[in-house]
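Since the structure comes first, as C-alpha cells, the remarks are kept for the end.
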Amino acid sequence: FTVTILRASEELSLENTEVVYGDELELEVQGSEESYQATYEILDGGTGSADIQDGKLIPGHVGSVRVKVTVAATNTHEESVFTEVITILPRPVVLDWAVGEYTYDKTEHKPVAKVTNPVAGDADVVVTVEGAVDAGDHVAKATALSDDNYTLTGGTNVEVEFTVKPIVVG
C-alpha cells in the first residue's frame with residue numbers, strides 16, 4: 001500500500017496591522033514556529049496608499065490598504081495566500097510656537113505654530129490657530145491642520161499661552 005503525507009495548512013496573519021504615517025511597518029507573518037518566505041502586494045480597494053519595499057510597508061497617505069500576502073510552501077506546509085487590511089494612522093504633530101507681543105487693537109491676535117516633525121518630502125503643514133481679540137492672558141490652540149496625514153490628537157505642544165496688552169492711553 002501507499003502512504004501519502006500531506007502538507008499541513010495553517011491560519012496565518014500579519015503580526016502588525018497598524019502604522020503611523022511617516023513610520024515604516026515591517027511586514028511579518030505570524031501563526032507558526034516555522035520561518036516563512038513571503039511576498040507582499042498592495043491591492044486596489046483601500047482608502048489610503050502605500051508602497052512595499054524590502055518587506056516594509058511605506059505609508060503614502062492615511063487610510064486603509066489591502067495587502068495580499070503569499071507564503072511559499074515548505075517541506076511541511078502548503079502555500080498560503082491571504083489578505084490583510086493595514087490601517088495607516090495620522091502622525092501626531094509636534095508644534096513650535098512663535099509668540100509675539102500684542103496690544104489690543106480690536107483685531108484677533110494669535111501666535112504662529114509650526115510643525116516640527118514633518119515627514120521628509122512633505123510640504124509645510126499649515127496650522128490653523130484660534131487666537132484672541134480682548135486684552136488679557138489667553139491660550140492659543142491649534143484647531144486644524146492643512147494635511148490629513150497629520151493630527152492634533154495626541155500631538156505635543158498644541159496650545160500656548162500669550163498676552164494681549166491693553167491700550168495705554170496717555
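In what follows, every heavy atom counts, from backbone to side chain, and hydrogens, waters and symmetry copies are set aside.
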Residue among T83, I52, V85 satisfying side chain to side chain contact (heavy atoms under 4.5 Å, CB included) with V67 = I52
Partners meeting ring pair (Phe, Tyr, Trp, His ring centres under 6.0 Å) with Y102 (sequence neighbours left out) = H109, F162
Charged N to carboxylate O under 4.0 angstrom, E130 versus K141?
-> no
For E161, look at atom CD and say whether over 12 heavy atoms of other residues, nucleotides or ligands are found less than 6.0 Å away.
-> no
Quick one: salt bridge (Lys or Arg N to Asp or Glu O under 4.0 Å) pairs with a partner in residues 92-110, sequence neighbours left out?
-> E101-K165, E108-K110
Taking the side chain as every heavy atom from C-beta outward, state whether P92 and Y150 have any pair of such atoms under 4.5 Å apart.
-> no
pair L89-Y21: side-chain heavy atoms closer than 4.5 Å = no
Path from V62 to V115 over hydrophobic side-chain contacts below 4.5 Å | yes
Taking atom types as modelled, is there a side-chain donor on S13 or Q30 under 3.5 Å from an acceptor on the other?
-> yes
Hey, any chance L43 and V81 share a hydrophobic cluster, counting ILVMFWY side chains that come within less than 4.5 Å of each other, even indirectly?
-> no
Given side chain to side chain contact (heavy atoms under 4.5 Å, CB included), test H61 with D148 step by step and report yes or no.
-> CA-CA 8 Å; H61 195 271; D148 62 358; 2.9 Å; yes
Hey, quick one: are V99 and V129 part of the same hydrophobic cluster, counting side-chain heavy atoms closer than 4.5 Å, chains of contacts allowed?
-> yes
Can you check whether V93 reaches N117 side chain to side chain, under 4.5 Å on heavy atoms?
-> yes
Hydrophobic cluster identity match, I86 and L12, side-chain contacts under 4.5 Å = yes
Could I get the full list of side-chain contact (heavy atoms from CB on, under 4.5 Å) partners for A72, not counting sequence neighbours?
-> Q37
Distance from L57 atom CG to D23 atom CG, nearest 0.5 Å?
-> 11.0 Å
